[in-house]
There are 2 protein chains.
Amino acid sequence: MRPTSSAETFPANTPAASQVFTAVLSHGPLARLEVSRRVGLSPAAVTKAVRPLIEAGYLVEGADEEARPALGRPANLVRVDGGRALFIGVKVTGDEIIGVLTDLCCRVRVARHLPLPDRDPRTVLSGIAELVEQLLAETDGPAAPVLGLGIAVSGDVDRGEGTVRYSPFLEWRDVPLAELAAMTTGLPVTVDNDVRALTVAEQWFGAGAGLTDFAVVTVGAGIGCGLVVHGRVVAGAHGVAGEIGHVTVDPAGPLCHCGNRGCVEAIAGEAAIVRQVHEATGVRLTHPGEALALAREGVAGAREVYARAGEAIGRGIATVANLLGPERVIISGEGLAAYDLFAEQIRDAFVTAAFGSAAQCDVRTRPLPFEEWARGAAATAIQSFITPDTSR
Amino acid sequence: MRPTSSAETFPANTPAASQVFTAVLSHGPLARLEVSRRVGLSPAAVTKAVRPLIEAGYLVEGADEEARPALGRPANLVRVDGGRALFIGVKVTGDEIIGVLTDLCCRVRVARHLPLPDRDPRTVLSGIAELVEQLLAETDGPAAPVLGLGIAVSGDVDRGEGTVRYSPFLEWRDVPLAELAAMTTGLPVTVDNDVRALTVAEQWFGAGAGLTDFAVVTVGAGIGCGLVVHGRVVAGAHGVAGEIGHVTVDPAGPLCHCGNRGCVEAIAGEAAIVRQVHEATGVRLTHPGEALALAREGVAGAREVYARAGEAIGRGIATVANLLGPERVIISGEGLAAYDLFAEQIRDAFVTAAFGSAAQCDVRTRPLPFEEWARGAAATAIQSFITPDTSR
DNA sequence: GGGATTCTTTTCCGACGTCAATAAAAGAAG
DNA sequence: CTTCTTTTATTGACGTCGGAAAAGAATCCC
C-alpha cells in the first residue's frame, strides 16, 4: 500500500519553534514582533525560529491585506502556508467512517463517508485504509504531501500509546490502532478520543484559540465534554475525563444506561429525548428527527422535553464552570439542530446554577458540520506533527 | 517593624534547580540519580544543580539510614535541611487569625491564635503583624531566617497580584494584602485562597506529592475543593474554581445561601447540618458540636442528616472524578470529626455516581489539625520562595 | 531630506544541559 | 588479595538556545 516513503518531519523540534508556529497557526498572519509578545520570546528568537520554518516552506511572508499602522515600519506578516502539507482525519462511529483531507491549517478539502458493515477491528481497519486511499487520490502531488493520519474514536483512548483501551461503543478492548493503521497506510498515525480531538481542533483552530482554560460541550447522541486546563487537554488518570453527560442533575430523574439516575445524558441525550417525547405525546417515533419535528410544530409535551434537556445541559455547564472556572464554554454537536428549542433554558439554568463570578464565563455555540469530528482527528495529527510530545 | 534586611533569595533561579529541589523536598532523601530519573534531567545536570544548593545550605548530603542496595556504589542521598530557613503561614478566618512557624520542609514548629475583634483590613493587618512578631520571637537566630510569609484568605484572591479581589466572608474588595503586609512585616508576602493554599501543601508535602492530577475536598463550615491538573493548582479564569460546595446534587433540595437549591453545601455544610438536625429532632442547638453529639447518641433523625450529607459529598466527589479523572481525592477539613457517621455514604454515593473507571480514583481521608490551613499558607510562601512564578 | 517610530535582523555572549569519559565505592569472584 | 562487575557521581568539552544591545530597514510626518 503506497510506500509513502519519506516520513517528513517538522524542522526545529525545539519548544520555541513549536510555540512560534502554533501562534502563527492559531492567530492568522502575525508580525514577528507580535509573535514575540504573544509567546514571551525575544524578537531575535522569533526571527531565528521563523527562518527555518520559512525555508522549509511551512511559513510564508506577506499577507493578503496588511492593515497599515499609522507610524513606523510596516510589519512583515508571517502566516502558515496551508497548502504546504496535508493531513487526513478519520472519525469512526458505530455505522460509518468519516474521513477528511485537510491542509496544514486544518481546512477541510475533501470529506468522504464509508458505511461500516460491522465493528470488528479488521473491518474498521480496512475501511480506514480504503478511505485513506480515496483521500490520498485527491492529493495535488509531492508538493503537498500527506504528513499524518489522525483517528478519533469514542471511549478510553491512550493517545501516547496509540491504543484504544476500551470503547464500549465499538466493543473494543486494547486495540493498538495506531500501530495497525500505520502498518496498513504507511502514515504516521495519531489516535485520540473523539471529544478530545474536537477540543484540540477548537484549541488550535477554533473558538478556543488563545485561551488556556475552556471547555467544549458536545450535544448529540451522547453529551460529552472536552476540557482544556492550563493550556492542555485534560485526559484523566484512568481514561475518564469530561464526562459531563454523567453528571447527576436530578437524583430522582430517569434511569441512565450507566446505571445511575438523572444524568445529563439521561435527560438530554438523543435517545432520552426520543423516549421522553414519545412518553409525553404518545406518538410512535421511528427517527430522532421526528421528535424535533413535533417540538417545532409546537406540541407542548415535546417542547417541554427539550426545555428540560436545555435545563440539564445548562446545569451541567454550570457544574463545569463552578469547578474549573473556564474562560469560555463552546457548545457544539449535532444536537444544536434543536438549539432554538433550548437555548433559553441552557442560559437560564447556567446563570442560576453558576456560583458567583463563574457566571461571567462566556458560553457560546458553534455550529458543527458533520465532518467536524473527522476534522478534529486531523487536528490531532497536525498537533502530533508539530509537537511530538502531548504537552503544550 | 524589624528591618528584616536581606531578602535572601533562592540560588539558581533556573527551572532545573527548582525541579530538583522540589523533588527532594517532596520525596525525602533521594540519590542524585534517582532525582535525575524523576525530573527527566541528565545525571550531570542534577549534580550541577545540587551543588549550589548544598553550598547555600538548603540541601545536605547523607540520610539517617541508607538502605544499601546489594550491588554497586551506594547512593549518596540528598535531603532538604529543614532548619536552614523558616516560614510563617497565616490563615485569616472570620473571628481569629491562626499563625504557624514552619521550617523549610513545612513542618510546624509553633502555632498561635489571635482573636479578631472585627474584619476591617486594618484590624486584620495589625493582627497579622502582631502574630508575625510573636512567631519571629520563636526563631533560633540568623542561622534560620524567616524567608517568607504566606497568607490564606477565603474568597477570590489573585495570587499573582497579591490582592484579595473579593472575600464575602471578610467583606473585603480589592485589598492589596500582599503589599500591605509586606510593608508592615518587612517579609516577602504571598497571598492565596485558603483552599488553594491547602492544596499546595498537599501537593508538595502531603498525599498529593508526586501526583499531577488530584483534588482536595474540604468539609467544614463550607465545602471546598482544590484541584491540581497537569501538576498545577487550578485558579479559574474569573476567580472561581473548585466550588464543589455549589455543585447541585438535588434540584429539589434545601435552599442554599448562594440562592440555588440542593448545593452540596446546603446539605453537608456545617450550618446546613445544624439546621437539618434541628428540624429532624426538634432539639434546639446552640453549638455545631451538639448536632454531632446527637448523632453519636444514635438519634435516628440526626444520623439521617449525616447520612444525607455523606451522600451529597460523595456525589460531589464523583462529579469531580467524572469531569477531571484525578488520580486521587483527599478529603480533609474539620467536618472529618464526623467522618465515621458518613464515610460509608460518601463511598457508596461516589461509587454509584462515578462513571466507568472514574471509580478507580483513590478517595482517601486525611486528618486535618486545626493549624493545617495556616500550614497551607506557609506552603505557598515556600513555593513562592523556590519558584518565583506560579507555574509548576 | 531629516526626525520619529516601529519592525526586523545581526552579532556577540552567557547560560544551561547533554555527551562521553572518568572517578569512586562498594560487593563478588577467583 | 587482586580483579571484575555494578552502580553512582563528577568532570570538562561541546553545542544549542535564547537574550541584550545595536544596527538596519521601511514608512510617515514635518
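The chains referred to below are lettered A, B, ... by the order of the sequence lines, with proteins before strands, and numbering in each begins at 1.
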In whole Å, I'd like the distance from the [atom1] atom of [X] to the [atom2] atom of [N].
| X | N | atom1 | atom2 | result |
| --- | --- | --- | --- | --- |
| Glu34(A) | dT8(C) | CD | C1' | 15 Å |
| Arg51(A) | dT9(C) | CZ | C1' | 7 Å |
| Asn76(A) | dT9(C) | CG | P | 7 Å |
| Leu71(B) | dA28(C) | CG | P | 7 Å |
| Leu30(A) | dT8(C) | CG | C1' | 15 Å |
| Arg32(B) | dA23(C) | CZ | C1' | 14 Å |

* Counting any heavy atom closer than 4.0 Å, what does Leu33(B) reach on the DNA or RNA strands: base, sugar-phosphate only, or nothing? ->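 Sugar-phosphate contact only - Leu33(B) comes under 4.0 Å of backbone atoms but never of a base.
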* Inter- and intrachain pairs under ring pair (Phe, Tyr, Trp, His ring centres under 6.0 Å), touching residues 43-63 of chain A, at least two apart ->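 Matches after skipping sequence neighbours: Phe10(A)-Tyr58(A), Tyr58(A)-Phe385(A).
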* With sequence neighbours excluded, residues passing side-chain hydrogen bond (donor to acceptor under 3.5 Å, both in side chains) with Asp158(A) ->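 Asp158(A) satisfies side-chain hydrogen bond (donor to acceptor under 3.5 Å, both in side chains) with Arg165(A) once adjacent residues are dropped.
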* Please list, chain by chain and in numerical order, all residues satisfying side-chain hydrogen bond (donor to acceptor under 3.5 Å, both in side chains) with Asp174(B), sequence neighbours excluded. =>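 By the side-chain hydrogen bond (donor to acceptor under 3.5 Å, both in side chains) rule, Asp174(B) matches no residue at all.
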* Distance check: side-chain N/O of Arg73(A) vs OP1/OP2 of dT8(C), anything under 4.0 Å? ->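 For dT8(C), OP1/OP2 do not have a side-chain N/O of Arg73(A) under 4.0 Å.
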* **Ala16(A) versus Leu41(A), closest heavy-atom pair with distance** =>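 What the structure gives for the nearest pair is CB-CD1, 3.9 Å.
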* Closest to the Thr47(A) side chain: dT8(C), dT5(C), dA26(C)? ->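 The nucleotide sitting nearest to the side chain is dT8(C).
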Could you go over nucleotides 12-18 of chain D and give all protein N or O partners under 3.5 Å, atom names and distances?
unit_1	atom_1	unit_2	atom_2	d
dG12(D)	O6	Lys48(B)	NZ	3.4

* Asked: Does anything in residues 23-41 of chain B pair up under side chain to side chain donor-acceptor pair (under 3.5 Å), and if so which pairs, sequence neighbours excluded?
  ->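 Found Arg32(B)-Glu61(B), Glu34(B)-Arg37(B), Glu34(B)-Arg38(B).
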* **Contacts of type side-chain contact (heavy atoms from CB on, under 4.5 Å), residue Ala178(A), not counting sequence neighbours** =>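 Ala178(A) satisfies side-chain contact (heavy atoms from CB on, under 4.5 Å) with Val189(A), Val191(A) only.
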